[in-house]
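Every chain is numbered from 1, with letters handed out A, B, ... down the list of sequences.
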Amino acid sequence: VRCQQYPPLRALQASAALRAASDEHKKEPWASSPQQHFESPPAGQQPEEKPQGPHPSYTGQGGQESEDYESEEQLQHRILTAALEFVPEHGWTAEAIAEGAKTLGLSVAAAGLFHSAGSELILHFVSDCNTKLSELLKKEQKLVQLGEAEKKPIDEFLRDAVEARLRMLIPYIEKWPQALSVLLLPRNIPSSLNLLTSMIDDIWHYAGDQSTEFNWYTRRAVLTAIYNTTELVMMQDSSPGFEDTWRFLENRVADAMTMSNTATQVQSTGEAVVQGLMGAAVTVSNAATSRAVR
Amino acid sequence: VPGAGAALRPCSSRVAQDGINRAVIDRIIRVDHAGEYGANRIYAGQMAVLGRSSVGPVIQQMWNQEKKHLKKFNELMVAYRVRPTVLLPFWNVAGFVLGAGSALLGKKGAMACTVAVEESISEHYNNQIRTLIEEDPEKYKELLQVIKQFRDEEQEHHDIGLEHDAEATPAYSVLKTAIQLGCKAAIYLSERI
């Protein structure tokens, strides 16, 4: 899973581990931590290993942090997640972030942490949804590997993945058109494009795509088109349970399958025709040569 | 979009992605994949012209090794989730044209092309080996092994080309320089696009 929005920080993992550690050892005397942290290998050198103990914060202080220390990114992450609850009421705005900060017991001024509140909130939400989708797909894949579930045919897999991802928009559907236009602002396009392409790549990866030729691009372009058009249809859909949208999605995926099958057929027919013509040419030239000899 | 012949694997064959320098590995695998793809097409072009001549079996044998290289990079590309270069259709045609064109200059011409290309590729692999060793030889052990082995085999092809009188080609140095310039450009572009 590639997290697009926040670069992985050692402090991030350390903070997460700190929280886990502090949950287990609530009464641990922090005065002794400098000793501990020199004995256990610092998490920074082996990021894939779970950190053994307290880790120096990214500001370089010793092990005397309070139990709730977290990096700024983590704090921003928490505020934005809390703000999502207020989006249906306030839209993707600094007000929603301020309300979110209030529920965490922080001052309303915490919204000032974000330079472009709306954009950051929306990008955070999209990144979050993509992460949830990846986890869902990974879980499903594990079930198939363990033999507890049937492997889905490709069109059903793509349909279900896109549907699952679009369903995450339902609680915010009223304000989503606004979000889409913000995502299309020139300054947001690099990030939103990045998030979109990595999400589509993730879906194909879990679908079992092994293409290493130009097909790699064709597949992703087609799925991106399907996703974007379905998203737009969903904005205008008022049918119960969005059934019109899911039917639209099913038809688009079926179209894509037909198109690819047709393409394969055209290619093999073309090859057969070429072989036929070559054979005919050889026959004619042989006939001409033997006639010339006689 | 999957067609009848497209490969769909049953389960994830990813390599663990934590801690590797994605930017460096992406480039390395993308450009190497493009290189082996192009090399395949060059030998295909040469075989199309010289397949029934006396050097046919030699070229065929070198081509078979390149096919193995390409297969290995296909696997690595899926395992590391690297995107292939957009220029593949172009290398498809350009490689074939280079192979066929050099073969039309005669057997020595084809060997000269082989020498030029294999020398470029060996140098390129050596650069990559150096980069990976500077990064972290332990972390990239498997990849380093693959690249080292392939570099040795490309060097063999280079030597075979020399053995078959590549240097006796008319305008050998001009031809060699031109081809190597082309290879440098192809490497530069495939790393990025």
Side-chain angles (χ1 to χ4, degrees), chain A residues 1-3 7-8 10 13 45-49 137-138 140-147 151-155 157-158 197-198 201-202 204-223 225-226 253 255-268, chain B residues 1-23 25-26 29-38 40-41 48 67 69-93 95 136 138-139 190 193:
Chain A
V1 171
R2 281 175 269 174
C3 297
R10 294 179 201 150
Q13 292 170 313
Q45 282 168 10
Q46 285 149 333
E48 51 269 81
E49 250 181 76
L137 293 176
K138 203 186 292 186
E140 278 180 16
Q141 187 188 64
K142 244 189 210 104
L143 289 178
V144 172
Q145 279 178 349
L146 295 172
K151 180 165 165 55
K152 291 185 203 167
I154 189 76
D155 55 347
F157 184 93
L158 296 177
T197 51
S198 63
D201 183 48
D202 252 1
W204 268 120
H205 168 81
Y206 287 106
D209 177 39
Q210 270 193 316
S211 50
T212 52
E213 300 216 352
F214 200 74
N215 212 0
W216 191 95
Y217 289 93
T218 324
R219 287 183 178 188
R220 279 151 184 77
V222 168
L223 187 57
I226 294 178
V253 171
D255 284 348
M257 299 292 120
T258 312
M259 198 171 64
S260 99
N261 288 336
T262 313
T264 320
Q265 282 174 356
V266 164
Q267 196 187 10
S268 45
Chain B
V1 178
L8 290 178
R9 71 185 180 290
C11 61
S12 171
S13 46
R14 294 174 53 161
V15 160
Q17 306 280 297
D18 342 292
I20 65 169
N21 187 338
R22 274 234 66 100
I25 296 297
D26 258 17
I29 295 185
R30 177 161 51 250
V31 73
D32 288 351
H33 174 263
E36 296 298 346
Y37 186 84
N40 255 271
R41 296 303 294 154
K67 285 186 193 158
H69 290 187
L70 181 61
K71 184 159 170 289
K72 183 63 183 171
F73 274 114
N74 281 339
E75 289 167 14
L76 286 174
M77 188 163 252
V78 173
Y80 283 91
R81 287 183 68 173
V82 174
R83 137 190 103 76
T85 165
V86 209
L87 298 169
L88 280 180
F90 183 68
W91 300 144
N92 188 349
V93 174
D136 188 340
E138 270 313 302
K139 211 187 289 180
S190 300
I193 314 182

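- Side-chain contact check for B/R22 and B/Y80: no donor-acceptor pair (N or O, by modelled atom type) lies under 3.5 Å.
- Nearest heavy atoms, A/T212 versus B/H33: O-CE1, 3.2 Å.
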Quick one: do A/R220 and A/D201 satisfy salt bridge (charged side-chain N to carboxylate O under 4.0 Å, His left out)? Show the steps, please.
-> CA-CA 7 Å; A/R220 279 151 184 77; A/D201 183 48; 2.9 Å; yes
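- For A/R219 against A/W204, the heavy-atom pair with the smallest separation is O-NE1, 3.0 Å.
- Only the side chain of B/Y37 comes within contact range of chain A, with heavy atoms under 4.5 Å apart.
- Identified by a heavy-atom distance below 4.5 Å to chain A, the contributing residues of residues 85-92 of chain B are B/T85, B/V86, B/L88, B/P89, in residue-number order.
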What's the verdict on salt bridge (charged side-chain N to carboxylate O under 4.0 Å, His left out) for B/K72 and B/E36, showing C-alpha distance, side-chain angles and the deciding distance?
-> CA-CA 10 Å; B/K72 183 63 183 171; B/E36 296 298 346; over 6 Å; no
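- The shortest distance between side-chain heavy atoms of B/R81 and A/D202 falls below 4.5 Å.
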